[in-house]
Amino acid sequence: MTTTLALSSRSPLMEGSFLFGTATSSFQIEGDAENRLECIWDTFCRRPGAIADHSNGLSACEHVKRWKEDVMLLKTLGVDAYRFSISWPRVMTEAGTLNQAGIDFYVALLDELNALKVKPFVTLYHWDLPQYLEDRGGWLNRQTAFEFKKYVSKVAQAFGDRVYAYATLNEPFCSAYLGYEVGVHAPGRKGRQLGRGAAHHLLLAHGLGMQALKADAPNARHGIVLNFTPCYANSSGKGDITAAEKADQYINQWYMQPVMEGRYPDVINELDDGDKPPVEDGDMAIICQPLDFLGVNFYTRLFYSAPKQPGELYYEHAHRAPMTDIGWEIYPQALTDLLLSLHNRYKLPPVYITENGAAMADELTDGEVKDDKRIDYYAQHLKAVEAAMRKGVNVSGYFAWSLMDNFEWAEGYEKRFGIVYVDFATQTRTLKNSALAFKQLLARRTRPPA
């Protein structure tokens with residue numbers, strides 16, 4: 001078991017241009033719900049049985065109140081960058097105007113980050129759609145994509161040149177598939193037609209958002225953050241190999257291929273006409289905007305077999321051991337495999353690993369969290385990134401998920417991904433041993449120029 005994060009001084013991750021950071025999202029940490037509009041997760045949390053521990057995000061980590069303390073955590077760690085998201089319902093009114101108090105909060109945060117020479121990576125949508133837009137159809141309503149463009153434009157203008165890099169969306173797969181197709185995330189709707197429709201409008205929103213960013217934040221970098229779960233065949237049989245390919249297209253390439261090539265993968269032809277996305281003339285050209293970077297979120301892999309029921313594309317197997325506390329297999333080689341497959345399949349822009357991390361059953365004992373399993377997870381995955389880079393993949397940075405324990409969506413507060421322990425009763429923050437390991441690693445490298 002590795003208890004330190006040690007990379008060779010000759011590792012490409014130790015070069016001055018490589019960015020190390022941590023990541024969070026607005027609904028998961030901010031709290032201060034009384035000073036923003038409701039979002040779909042507020043509504044979903046009130047649904048009986050939707051959240052494992054029956055909790056909500058009304059207080060979360062009280063980041064809005066404690067943001068200066070949290071920025072000091074970043075300074076203590078010595079990170080180069082911080083990835084966080086903007087709460088759409090905090091910065092916009094239902095009338096479509098800016099909520100100045102919400103904007104002021106983020107401007108103060110951005111100014112402090114820049115003063116500390118921590119590069120701000122801003123995600124514009126991390127799942128917290130304003131509820132009033134969901135009431136009008138949410139991501140099933142094509143107009144929501146255009147409302148997103150208006151929001152992006154106003155926020156980008158308000159932030160000026162404070163942002164180093166913008167991502168339009170975080171993990172549209174989760175928003176569409178988990179939220180509208182299988183219903184385990186907000187807004188909790190179910191149906192293949194709904195999931196595919198929501199996915200298309202999210203991708204359209206990405207393209208429209210990119211247009212807004214190029215006009216209103218020309219000096220920043222612009223991209224998207226996609227999550228990938230590599231799909232492996234459960235056997236060498238032709239049926240399982242075909243099923244794994246279809247799963248990859250339906251889960252991963254469904255979002256990557258439109259963004260990179262302006263078309264959906266071939267598995268679309270196997271869907272009933274009523275389940276196919278509502279593509280209109282010109283949509284795919286809008287979606288396929290040139291990217292300054294691609295954000296890759298990676299946690300695990302899955303295995304697939306030939307379908308067992310009529311109408312299915314594949315059969316998905318349960319995760320294999322060893323697993324994290326959330327039940328996901330630990331298999332670092334899949335990250336190398338993923339990066340190489342994307343590199344060989346597409347003409348990639350610079351890549352950032354925008355999320356990677358592990359939920360572990362952390363315990364705070366005598367002021368210390370000995371999360372050696374998490375340190376080992378990070379050590380293996382950093383080496384997996386290095387292996388891909390040595391084979392030609394242009395990875396420009398790595399963000400640990402997450403800076404702190406937080407509201408873990410449908411799992412509530414039961415699963416801890418943070419490198420900083422949060423006592424949710426007192427809101428006390430404690431650096432876990434994984435945070436100290438990152439601090440020691442970063443202290444040994446050359447910080448990139450401001």
Side-chain angles (χ1 to χ4, degrees), residues 1-8 10-15 18-24 77 79-81 83 121 170-171 225-232 252 294-302 319-343 348 350-362 371-403 405 408 415-420 432-442 444-445:
M1 180 72 66
T2 303
T3 58
T4 61
L5 297 176
L7 294 169
S8 165
R10 297 184 298 276
S11 170
L13 281 74
M14 297 295 279
E15 293 180 1
F18 191 90
L19 298 182
F20 272 98
T22 60
T24 62
L77 291 170
V79 296
D80 308 313
R83 177 177 174 243
F121 278 65
N170 178 79
E171 300 183 349
V225 171
L226 302 178
N227 61 299
F228 294 88
T229 302
C231 302
Y232 290 76
N252 298 315
L294 171 69
V296 170
N297 290 358
F298 171 85
Y299 291 96
T300 189
R301 68 168 175 174
L302 281 167
H319 284 267
R320 299 181 177 184
M323 293 184 287
T324 64
D325 190 45
I326 207 169
W328 299 344
E329 182 187 3
I330 301 171
Y331 187 71
Q333 180 62 41
L335 178 52
T336 305
D337 295 346
L338 167 66
L339 292 171
L340 290 174
S341 70
L342 294 175
H343 175 71
L348 296 177
V351 171
Y352 291 97
I353 308 302
T354 35
E355 288 182 27
N356 180 230
M360 296 296 178
D362 300 320
D371 57 337
D372 292 351
K373 290 183 179 179
R374 180 177 289 108
I375 296 173
D376 189 63
Y377 179 99
Y378 278 125
Q380 293 184 60
H381 285 79
L382 290 173
K383 290 177 181 176
V385 173
E386 179 178 338
M389 293 177 70
R390 293 196 182 282
K391 292 185 178 180
V393 185
N394 181 11
V395 182
S396 298
Y398 177 96
F399 291 78
W401 183 270
S402 171
L403 171 62
D405 297 331
E408 187 47 44
K415 304 302 180 185
R416 294 179 177 269
F417 276 87
I419 60 174
V420 173
K432 301 178 187 179
N433 284 0
S434 57
L436 299 176
F438 266 110
K439 179 181 179 181
Q440 292 165 1
L441 173 69
L442 300 185
R444 294 195 297 269
R445 59 189 289 273

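- Here CG of L77 is found 5.0 Å from CD1 of I419. Values are rounded to the nearest 0.5 Å.
- The aromatic rings of H381 and F298 sit tilted, their planes meeting at an angle between 30° and 60°.
- The minimum heavy-atom distance between E171 and E355, with the atom names listed, is OE2-OE1, 3.8 Å.
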(request) Evaluate the side chain to side chain contact (heavy atoms under 4.5 Å, CB included) criterion for residues F20 and L382: first the C-alpha distance (whole Å), next the side-chain angles of each, then the deciding distance (0.1 Å), finally the verdict. (result) CA-CA 11 Å; F20 272 98; L382 290 173; 3.8 Å; yes
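- Taking the six-membered ring where tryptophan is involved, the planes of W328 and F417 are tilted, since the angle between them lies from 30° to 60°.
- Atom OH of residue Y398 and atom CG of residue D80 lie 14.0 Å apart, to the nearest 0.5 angstrom.
- Considering OH of Y378 and NZ of K373, their distance stands at 16.0 Å, rounded to 0.5 Å.
- Expressed to the nearest 0.5 Å, how far CD of Q440 lies from CG of N433 amounts to 9.0 Å.
- In this structure, R301 satisfies the cation-pi test against Y232, with its NZ or CZ atom closer than 6.0 Å to the six-membered ring centre and inside 45 degrees of the ring normal.
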(request) I would like to know whether I375 and L5 meet side chain to side chain contact (heavy atoms under 4.5 Å, CB included); could you show each step before the answer? (result) CA-CA 7 Å; I375 296 173; L5 297 176; 4.1 Å; yes
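- For Y352, there are no side-chain hydrogen bond (donor to acceptor under 3.5 Å, both in side chains) partners, not counting sequence neighbours.
- The line from CG of L7 to CZ of R445 is 10.0 Å long, rounded to the nearest 0.5 Å.
- For the salt bridge (Lys or Arg N to Asp or Glu O under 4.0 Å) with D325, the lone residue among R416, R374, K415 that qualifies is K415.
- Residues C231 and N252 approach most closely at SG-ND2, 3.7 Å, considering heavy atoms.
- Salt bridge present: K432 and D405 bring a charged side-chain N and a carboxylate O closer than 4.0 Å.
- For the pairing with R83, the side chain to side chain donor-acceptor pair (under 3.5 Å) check across T22, N170, T354, T24 returns one residue only, N170.
- To the nearest 0.5 Å, the span separating CE on M360 from OG1 on T324 amounts to 6.0 Å.
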